[in-house]
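Quick notes on the structure that follows.
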Protein chains: 2
Amino acid sequence: MVVPMNEILGKRAGRKRRRMQRVTMQSVAERAQVSPSTVSLFLRRPEAVTAATGRAINDAIEELGYVPNLVAGGLAAAASRAVSIIVPSVRNAFFAETVAAMQLELGKERLQVMLGHSEYSDREEENLVRTALSWAPSAIVLTGQSHSVGTRKILAGGSTPVVEIWELGGQSIDMTIGFSHEKVGRTAAEYLTGRGRRRLAFLGARMQEDRRANTRAEGFEQAAREAGAARVEIVGNPARAGVELGGVLLRQALDQFPDLDAIACSNDHIALGVLFECQRRGISVPTDIAVVGFGDLDFAASCIPTLTTIRPPGDLIGTEAARVIIKHVQGDRSDSHCVIDTGFRLIERQSA
Amino acid sequence: MVVPMNEILGKRAGRKRRRMQRVTMQSVAERAQVSPSTVSLFLRRPEAVTAATGRAINDAIEELGYVPNLVAGGLAAAASRAVSIIVPSVRNAFFAETVAAMQLELGKERLQVMLGHSEYSDREEENLVRTALSWAPSAIVLTGQSHSVGTRKILAGGSTPVVEIWELGGQSIDMTIGFSHEKVGRTAAEYLTGRGRRRLAFLGARMQEDRRANTRAEGFEQAAREAGAARVEIVGNPARAGVELGGVLLRQALDQFPDLDAIACSNDHIALGVLFECQRRGISVPTDIAVVGFGDLDFAASCIPTLTTIRPPGDLIGTEAARVIIKHVQGDRSDSHCVIDTGFRLIERQSA
DNA sequence: TTGAAAGCGCTAACAC
DNA sequence: GTGTTAGCGCTTTCAA
């Protein structure tokens with residue numbers, strides 16, 4: 001019986017593929033004279049293969065210039081080596097630091113960072129989470145603990161590990177790494193009242209969207225009252241946080257409450273703007289008004305006067321998040337539902 | 001002849017899968033009483049399906065809570081809806097702005113941003129490119145035009161579109177979007193000499209790694225000489241760019257060349273440090289020394305004196321990059337090997 | 001306009 | 001330690 005050639009070869013030859021991968025695991029296997037599964041095994045656990053086999057495979061990979069297809073791998077393994085990170089914005093130096101630190105650590109384990117920006121919108125965050133899930137990521141990292149109902153539902157139902165970062169004290173979905181923003185506010189207030197200040201204000205930007213800044217403000221107000229401050233005001237502005245806004249906010253504050261002797265800012269950009277505005281108005285810092293920031297950004301140590309501020313450990317949050325994710329990927333589930341308090345540090349400088 | 005049931009069902013029932021996707025396209029198809037390929041078609045081109053069919057599919061998706069699996073899609077289509085962006089670091093506000101802008105635009109087309117940090121290392125960049133390719137991305141975005149030989153070889157051979165951003169005038173791999181850093185340097189020098197300054201210095205950080213800062217310095221030096229400056233110095237420091245370094249660099253510069261009357265900085269952080277150091281030393285800006293920055297960062301408009309600086313269009317670079325990538329994904333190859341000069345703008349303020 | 005069929009390149013259970 | 005095998009969930013011809 002004669003079998004037509006094209007039937008032996010299969011129909012494949014007759015089909016055109018759009019872009020065939022030049023070098024597949026199959027071709028590496030052929031060249032190394034082993035089976036594909038051995039190549040796969042070697043790639044994932046080199047020690048599980050004899051030295052000779054390993055060498056042969058390595059040579060084949062080298063000679064062929066093989067690049068593994070992680071998309072195919074992700075499909076077969078039902079979980080891709082991707083980690084989805086969703087932050088309000090990477091333009092914010094805080095989150096940029098965390099994202100950079102995470103990428104560094106995850107990259108060492110060949111985990112790919114996928115980035116999304118919620119722009120402080122819970123609705124947008126939910127969309128991003130939905131899309132993220134489409135990639136079957138090894139983990140999803142969310143900023144903060146306030147999410148839409150939909151987000152919680154989607155994430156609670158699934159089996160994807162979730163890490164919430166930069167906030168503590170709320171309702172956790174799964175793992176949580178951050179610090180208490182309420183305590184940050186309290187710390188600023190206690191520091192200021194402890195140095196004899198009695199008429200305090202907290203200056204913040206877009207506090208409706210930025211729940212964390214809002215929490216800091218609340219902690220600040222409460223602690224200041226407890227310490228017997230004569231005046232505690234919260235001055236907000238819906239504009240985006242920035243140096244310029246610092247000046248605006250100080251003006252706003254002093255127009256209403258000219259007797260203020262201490263200012264806490266929702267971040268260092270605003271504090272710097274306050275410092276500049278004080279300089280323009282001839283207000284002496286810290287003699288007339290003490291200023292405390294949040295962030296310990298680049299300029300805090302060099303501005304005039306140098307800025308007393310609270311430093312959140314953005315990089316530590318990133319490395320810790322990466323650590324628990326890597327453990328999870330490696331099969332160690334012991335960190336499930338962990339809560340890691342990274343703390344923060346008050347950096348005393350000249351401005352307060 | 002009796003066929004055993006398990007043979008009819010296939011061995012599948014006997015195998016345990018690790019994590020089965022609850023809702024697949026298959027299940028949507030069954031519910032909507034159509035074939036999977038129709039669902040697929042509808043998802044990608046809704047108009048290619050009758051209104052009734054579309055409605056049925058939509059309902060099924062809704063009822064089942066279907067989330068498409070982009071990993072499977074990427075494998076089948078031989079190109080994933082991922083775009084790999086490799087920047088030196090997202091901690092750098094310039095690149096953060098570009099990445100944020102790109103993510104915003106790409107997200108609208110359901111393209112996922114994958115992020116990598118080269119930390120200004122060509123070797124690391126090459127590793128990241130290799131990994132990126134493993135994901136069969138729709139495009140790869142690289143920062144600058146100086147890459148390792150290996151990077152060029154890998155990318156030139158493949159069919160993945162490449163966009164180089166933030167630099168112009170070098171050897172392009174494929175598409176290029178940015179501006180001339182040499183011109184930036186020239187512009188600063190011409191502005192300064194045009195205002196009568198004769199003894200100029202360029203202050204820069206880690207200029208070995210940061211080729212673009214180096215190019216700005218070269219353009220600056222050349223243009224200053226052409227304009228007949230009495231002195232043109234380039235003062236570098238291997239430390240990371242930062243406000244503190246600005247002060248250090250100014251000290252370095254004035255120790256060697258006390259008669260300087262103009263300073264250009266490789267970025268605004270350094271310029272701000274220079275401003276602070278001048279204030280500390282009682283040097284009047286711009287009377288004694290004129291200062292020009294690069295970046296137009298947040299504080300440039302509010303510091304004292306406000307900072308004359310050159311603003312690179314970080315967001316425009318991002319949106320343009322996204323635009324050409326989206327066009328490419330949609331099959332329009334007309335932008336291949338395009339070179340887009342986004343230009344930059346000198347922002348005149350008080351410091352010069 | 002819709003459906004059937006054939007993979008995409010890899011992983012992992014299982015057998016040897 | 002290595003190979004066999006059966007998919008992972010989707011896209012895309014091609015035919016109807």
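Labels below follow one simple rule: chain letters A, B, ... track the order of the sequence lines, proteins then strands, and each chain is numbered from 1. What you are looking at is a predicted structure, and each value in this text was computed from that prediction instead of being measured.
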> Does a donor on one side chain and an acceptor on the other come within less than 3.5 Å for B:Arg91 and B:Ser89?
Replying inline: yes
> Between residues 32-40 of chain A and DNA chain C, which residues have a heavy-atom gap below 4.0 Å?
Replying inline: A:Ser37, A:Ser40
> If you check the B:Asn69 side chain, which of C:dT11, D:dT12, D:dG9 turns out closest?
Replying inline: D:dG9
> Can you tell me how far C1' of C:dG3 sits from CZ of B:Phe42, to the nearest Å?
Replying inline: 17 Å
>> Tell me the interatomic distance from A:Gln26, atom CD, to D:dT5, atom P, rounded to whole angstroms.
In response: 13 Å
> Is a side-chain donor-acceptor pair under 3.5 Å present for B:Trp166 with B:Thr98?
Replying inline: yes
>> Whole angstroms only, please: what is the CG-C1' distance between A:Leu41 and D:dG1?
In response: 8 Å
>> Rounded to whole Å, how long is the line connecting atom CG of A:Leu70 with atom C1' of C:dC10?
In response: 10 Å
> Do any side-chain nitrogens or oxygens of A:Arg44 fall under 4.0 Å of OP1 or OP2 in C:dA12?
Replying inline: yes
> Which of residues 45-52 of chain B have a heavy atom under 4.0 Å from DNA chain D?
Replying inline: none
> Starting at CG of B:Leu75 and ending at C1' of C:dA6, how long is that distance when rounded to a whole Å?
Replying inline: 13 Å
> Do you know the tightest heavy-atom contact between A:Ile61 and A:Val28?
Replying inline: CG1-CG1, 3.8 Å
>> Could you check whether B:Arg44 and B:Ser40, counting side-chain N and O atoms only, form a donor-acceptor pair closer than 3.5 Å?
In response: yes
> B:Ile57 has an atom CD1; how far is it from atom C1' of C:dG3, in whole Å?
Replying inline: 12 Å
>> Can you tell whether the side chains of A:Lys327 and A:Glu109 come within less than 4.0 Å, N to carboxylate O?
In response: no
